[in-house]
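One structure below.
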Amino acid sequence: MQRVRLLVFNAALGPLDYRVPEGMAVEPGSIVVAPLGPRQVLGIVWEPERLPSADVPESKLRALFEVLPVPPFSMALRRLIEWTADYYCAPLAAVARMALGSMAALKGGGTTTEYRLTGHEPARLTPQRAAAMDALHGEQATIRELAERASVSEGVLRGMVGAGLLEPVTVDLDRPYPKARPDHAKPDLEPDQQAAADTFAEAVRSGGFQPFLLDGVTGSGKTECYFEGVSAALASGRQVLVLLPEIALTENFLRRFEARFGVPPVLWHSSLKSSERRRAWRAIVSGDAQVVVGARSALFMPFARLGLIVVDEAHEVSFKQDDGVRYNARDVAVIRARFEGIPVILASATPALESMQLAEAGIYRKIELAARFGGAELPAIEIVDLRTSIPERQRWLSPRLVSELKDRLLKGEQSLLFLNRRGYAPLTLCRSCGHRFQCPHCTAWLVEHRLSRRLACHHCGHEVPLPDKCPECAAPDCMVACGPGVERIADEVAERFPEARVALVTSDTMNAPGKIAEFVEAVENGMVDVIVGTQLVTKGYHFPELTLVGVIDADLGLEGGDLRAGERTYQQIAQVAGRAGRGEKPGEVLIQTRHPEAPVIAALASGDRDSFYEAETQCRRDAGAPPFGRWAAIIVSSEDEAEAREAARAIGGTRPNLPDVMILGPAPAPMALLRGRHRYRLLINARRTAELQKVIRQWLGDLRFPSGVRVGIDIDPYSFI
Ligand SMILES: [Zn+2]
Ligand SMILES: [Zn+2]
């Protein structure tokens with residue numbers, strides 16, 4: 001009799017043993033369905049020696065139901081899942097689930113029915129049908145997906161099928177993606193780019209684990225260089241994974257990819273239609289998907305023949321997941337490359353200090369691109385001291401910035417104003433009684449959104465309409481907006497320059513993929529004079545006519561005092577500054593600040609990146625912070641304040657006393673209330689030599705809490721709220 005051990009997809013259960021029935025073939029990595037009490041459970045066959053379990057006598061074993069018709073998870077992927085669970089103190093099943101992606105995809109291929117417009121256009125239509133006709137041009141999807149896209153009911157669309165306006169199409173779920181061509185449009189590279197490109201291509205051809213840090217100033221052509229590594233992988237029939245920090249930012253990437261390889265890559269992100277998810281997942285497992293571009297969740301996909309991983313904008317903090325399995329996709333990408341035995345490229349104009357340190361230690365091979373592509377020059381940077389160039393009352397643009405803006409408008413050139421704050425104003429209060437509008441579920445002010453006429457919490461999504469009188473003192477029309485958000489900056493530009501065409505770019509206005517494309521096209525066609533935006537506009541775009549960048553408030557990111565604040569501010573401003581002067585005309589960057597003497601501002605002004613990194617490195621070393629020491633956080637939360645406090649106190653009371661581990665807290669979290677949950681935090685600072693995860697597991701392993709309490713462990717945390 002053959003017995004197998006399963007990792008089941010239920011974090012509450014341990015590994016379970018089963019009997020393999022006569023005639024069924026399984027191997028480690030096979031995905032199977034097994035009985036569990038009266039129900040069924042999905043599991044992965046695992047090596048029993050790596051997954052200890054209670055010894056169940058053979059006579060008690062139940063038989064597996066079936067093996068699903070998908071290739072088994074590879075050994076490299078199984079080791080990656082184990083490593084991630086172990087390192088981030090997460091349940092194995094929760095990590096393995098990230099590799100599944102789409103439940104429907106496990107059921108095998110087949111067909112589905114989608115619908116599209118027939119092209120028949122009757123003279124008279126109901127308003128709903130007319131709206132659907134307009135919205136569904138060029139679309140093909142299931143009735144439910146089309147109904148969502150057209151904002152009509154499914155009933156309206158079914159009626160349109162009956163009337164011959166929509167027709168069914170039978171779609172093969174596994175229809176292949178068009179093939180990318182490695183030599184479709186070979187670029188003309190400059191000598192140092194060519195050298196970098198050759199290095200990547202050679203690393204892909206020879207295989208083996210090789211981590212690279214591709215460090216190049218904005219506009220130096222990093223993408224063109226790593227595309228040659230992609231090309232080498234395509235030529236040898238290997239797959240490529242490209243991770244991008246935010247899928248909303250892929251527009252520009254997709255266009256460049258298609259220009260280079262002739263077809264778009266395969267996309268993977270959370271807002272794919274279910275049929276697209278299913279198709280993409282199956283193509284990834286079969287090896288048919290050649291290049292997959294995705295957000296961090298693509299990292300755990302079960303690739304058949306992975307040959308290269310690229311992490312673009314590798315310094316971005318959005319690679320760190322802050323709930324569920326709290327992993328950092330940048331770091332896990334390197335681990336995956338090690339298990340797969342392939343090269344990995346971390347690309348950035350402003351690498352994370354951790355990555356710089358690994359390059360310095362010789363663990364990553366650093367490849368530098370110093371010059372801008374095509375001879376464009378780096379923009380000139382000017383610091384505007386807001387204590388001497390003072391904006392008028394209730395205005396935010398300094399006289400210096402206004403005069404430069406005016407100059408660009410006269411010359412017909414484009415400008416970009418950057419403020420990393422959504423909405424109109426971050427705080428609203430009552431003029432007569434001082435009442436401040438606060439979120440009932442979070443320790444946070446409600447942000448006024450004038451475009452949608454609402455007050456919104458950016459942490460939990462709570463929204464209320466703008467009130468016409470104060471809820472505290474009932475005074476009418478008494479609301480005062482305090483401080484600026486991007487909407488307010490856009491208003492100020494419109495007031496000062498009524499003739500200027502202003503584009504507002506924030507996640508509130510760019511809430512669909514098509515909107516970004518529209519925006520990019522409008523800027524490229526010269527239909528926009530001034531762009532006002534949040535961090536959405538800081539990366540990736542290439543607008544040759546953009547010659548002025550204004551940073552409205554460089555001090556914003558430095559508040560809060562987290563140890564990475566300086567580095568993050570530096571990265572963000574360097575990225576947005578990189579949008580200026582990418583064409584033939586030189587660019588200029590004005591940085592508004594009240595602290596021109598702050599090290600990060602001084603480094604930006606002088607363009608002396610090395611001395612900034614040096615100072616930051618020293619600062620981290622002194623504090624025993626990463627990468628010189630290690631951090632972990634324990635976050636305790638409950639809807640009941642007393643329960644959360646009690647649990648945090650119990651954890652604090654059993655803290656281990658070790659020479660190389662320092663434990664701070666428990667203390668109420670800065671965000672003491674978040675989404676209706678009361679929160680406490682402990683911060684652990686350990687020497688590199690300490691076995692941090694083991695210490696935490698032993699410490700928390702024996703503690704029991706009421707069912708309403710959640711205890712989250714965050715290894716290498718990025719968020720301290
Ligand atoms: Zn009031
Ligand atoms: Zn809230």
Side-chain angles (χ1 to χ4, degrees), residues 246 248 270 317-318 320-324 326 393-394 419-488 506-511 534-536 556-557 559-562 633-645 647-648 666-681 708-712 714 717-721:
E246 277 172 74
S270 55
V317 292
S318 57
K320 177 69 164 58
Q321 176 150 304
D322 269 328
D323 49 12
R326 293 178 158 93
R393 216 179 116 69
Q394 297 295 309
L419 177 66
N420 201 22
R421 208 192 246 152
R422 289 165 52 206
Y424 184 82
L427 168 66
T428 302
L429 49 79
C430 166
R431 189 185 295 118
S432 68
C433 78
H435 173 80
R436 295 169 170 216
F437 286 85
Q438 195 178 353
C439 176
H441 315 296
C442 307
T443 313
W445 306 125
L446 292 178
V447 177
E448 180 184 349
H449 286 251
R450 204 157 275 195
L451 291 176
S452 57
R453 299 198 43 79
R454 302 182 88 74
L455 293 169
C457 171
H458 288 178
H459 298 280
C460 71
H462 172 78
E463 280 194 346
V464 289
L466 268 181
D468 45 18
K469 59 177 196 290
C470 174
E472 192 82 26
C473 71
D477 296 324
C478 61
M479 306 310 157
V480 187
C482 301
V486 274
E487 291 179 10
R488 199 168 196 180
T506 104
S507 53
D508 303 299
T509 56
M510 299 290 141
N511 43 16
T534 59
Q535 52 95 21
L536 266 190
L556 193 59
E559 294 162 3
D562 125 28
I634 299 174
I635 304 121
V636 185
S637 72
S638 166
E639 289 179 11
D640 183 83
E641 211 283 329
E643 203 176 68
R645 190 177 50 223
M671 191 69 79
L673 183 66
L674 181 62
R675 295 180 203 104
R677 300 183 69 85
H678 298 271
R679 304 164 77 241
Y680 283 80
R681 293 183 68 104
V709 171
R710 271 186 229 151
V711 178
D714 193 355
Y718 273 68
S719 164
F720 297 87
I721 61 166

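Numbering of residues begins at 1 and proceeds along the displayed sequence. Quick caveat, the model's predicted, so the values are computed rather than measured. Counting convention: from 1, in listed order, for ligands and their atoms alike.
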query = Below 2.8 Å, any N, O or S contact between Cys430 and the Zn ion (ligand 1)?
reply = yes

query = Measuring to the Zn ion (ligand 1), does His435 have an N/O/S atom at a distance below 2.8 Å?
reply = no

query = Out of Glu448, His449, Glu463, which residue meets the side-chain hydrogen bond (donor to acceptor under 3.5 Å, both in side chains) rule with Arg454?
reply = Glu463

Has [X] got an N/O/S atom less than 2.8 Å from the Zn ion (ligand 2)?
X	result
His459	no
His441	no
His462	no
His458	no

ask   = In this structure, which one of His678, Arg677, Arg681, Glu643 forms a side-chain contact (heavy atoms from CB on, under 4.5 Å) with Ser637?
value = Arg677

query = For residues Glu641 and Tyr680, is any side-chain donor paired with an opposing acceptor at under 3.5 Å?
reply = yes

query = Looking only at side chains, do Asp640 and Ser638 share a donor and an acceptor under 3.5 Å apart?
reply = no

ask   = Do Asp714 and Lys320 sit within salt-bridge range, that is, some charged N less than 4.0 Å from a carboxylate O?
value = yes

query = Quick one: angle Cys460 SG - the Zn ion (ligand 2) - Cys442 SG, to the nearest 10°?
reply = 110°

task = Report, rounded to 10°, the angle at the Zn ion (ligand 1) between the two atoms SG (Cys470) and SG (Cys433).
result = 110°

key: Spacing of Leu674 atom CG and Cys439 atom SG [to the nearest 0.5 Å]   = 9.0 Å

